[in-house]
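Down below is the structure, laid out as structure tokens.
Per chain, numbering begins at 1; letters A, B, ... match sequence-line order.
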Amino acid sequence: MAQSDFYERVYHMTRQIPYGRVTSYGAIAKAIGSPKSARVVGYALNASAGNIDIPAHRVVNRNGMLTGKAHFLGSQAMQAQLEVEGISVKNNQVQNFQKYFWQPPVLSLDN
DNA sequence: AAATTGACAGCTT
DNA sequence: AAAGCTGCCAATT
């Protein structure tokens, strides 16, 4: 059992991010039904640090900046991983962020 | 139980 | 336009 359903939703949504794409905390928060919980999304991902099953490196802030970079195991792990996936990172910022941005599907609570 | 913190985002000055 | 302040929600101390 995970910490809470909220965390589970964040992890689940993060796992859905396709290879070579990125998204934002706010987008995930909105997708799980709490658009104001962007901070909590980051908090959840922080707790998931070290979980290779969760591509947290594909999650950045709305500016496309690697704000969570410092929280990874390696100081350059996040940027390196993104570049491996074909995403250009310059000065802790994703280039062509809008182009690589992946809009997470809104969870159907009614379903 | 109350106060502080935090991988954000939006509004105000 | 750029910098600062406030709001939000769950977790931690």
Side-chain angles (χ1 to χ4, degrees):
Chain A
M1 190 56 191
Q3 292 78 8
S4 66
D5 294 336
F6 230 101
Y7 274 43
E8 288 186 42
R9 291 183 207 182
V10 173
Y11 297 150
H12 182 76
M13 189 61 68
T14 305
R15 285 192 211 100
Q16 307 312 308
I17 305 176
Y19 182 96
R21 299 277 192 223
V22 293
T23 192
S24 68
Y25 303 95
I28 294 177
K30 186 172 184 177
I32 65 179
S34 295
K36 301 301 183 182
S37 301
R39 308 186 75 169
V40 185
V41 172
Y43 210 84
L45 290 177
N46 180 24
S48 76
N51 271 334
I52 62 173
D53 296 326
I54 304 177
H57 58 270
R58 296 178 187 150
V59 185
V60 295
N61 73 350
R62 72 173 185 93
N63 255 333
M65 190 174 184
L66 279 57
T67 50
K69 164 182 168 181
H71 296 259
F72 281 78
L73 303 182
S75 57
Q76 300 295 325
M78 189 176 188
Q79 177 173 339
Q81 187 65 24
L82 288 172
E83 291 188 332
V84 165
E85 299 190 0
I87 299 174
S88 300
V89 178
K90 197 73 171 183
N91 194 15
N92 294 343
Q93 188 175 331
V94 175
Q95 304 301 295
N96 306 312
F97 175 61
Q98 191 174 17
K99 174 183 175 182
Y100 293 114
F101 185 80
W102 174 77
Q103 178 63 38
V106 178
L107 252 69
S108 302
L109 304 176
D110 192 51
N111 187 18

Whole Å only: how far is the [atom1] atom of [X] from the [atom2] atom of [N]?
X: Leu45(A); N: dC9(C); atom1: CG; atom2: P; value: 18 Å
X: Tyr43(A); N: dA10(C); atom1: OH; atom2: P; value: 13 Å
X: Tyr25(A); N: dC8(C); atom1: OH; atom2: C1'; value: 17 Å
X: Asn63(A); N: dA1(C); atom1: CG; atom2: P; value: 14 Å

Under 4.0 Å, heavy atoms only, any strand: does [X] hit a base, just the sugar-phosphate, or nothing?
X: Ala44(A); answer: nothing
X: Ser24(A); answer: sugar-phosphate
X: Arg62(A); answer: sugar-phosphate
X: Asn46(A); answer: base

Side chain to side chain contact (heavy atoms under 4.5 Å, CB included), paired with [X], selected from [options]:
X: Val60(A); options: Gln93(A), Lys69(A), Met78(A); answer: Met78(A)
X: Val94(A); options: Ile87(A), Asn63(A), Asn61(A); answer: Ile87(A)
X: Tyr11(A); options: Met13(A), Arg9(A), Arg15(A); answer: Arg15(A)

Within one Ile-Leu-Val-Met-Phe-Trp-Tyr cluster: Ile17(A) and Val22(A), side-chain cutoff 4.5 Å: no

Please list, in 5' to 3' order, the outermost nucleotides of DNA chain B lying under 4.0 Å from any heavy atom of chain A. dG6(B) to dG10(B)

Side chain of Thr23(A), backbone of Trp102(A): donor and acceptor closer than 3.5 Å? yes

Main chain of Gly86(A), side chain of Tyr100(A): is a donor-acceptor contact present, judged purely on distance under 3.5 Å? yes

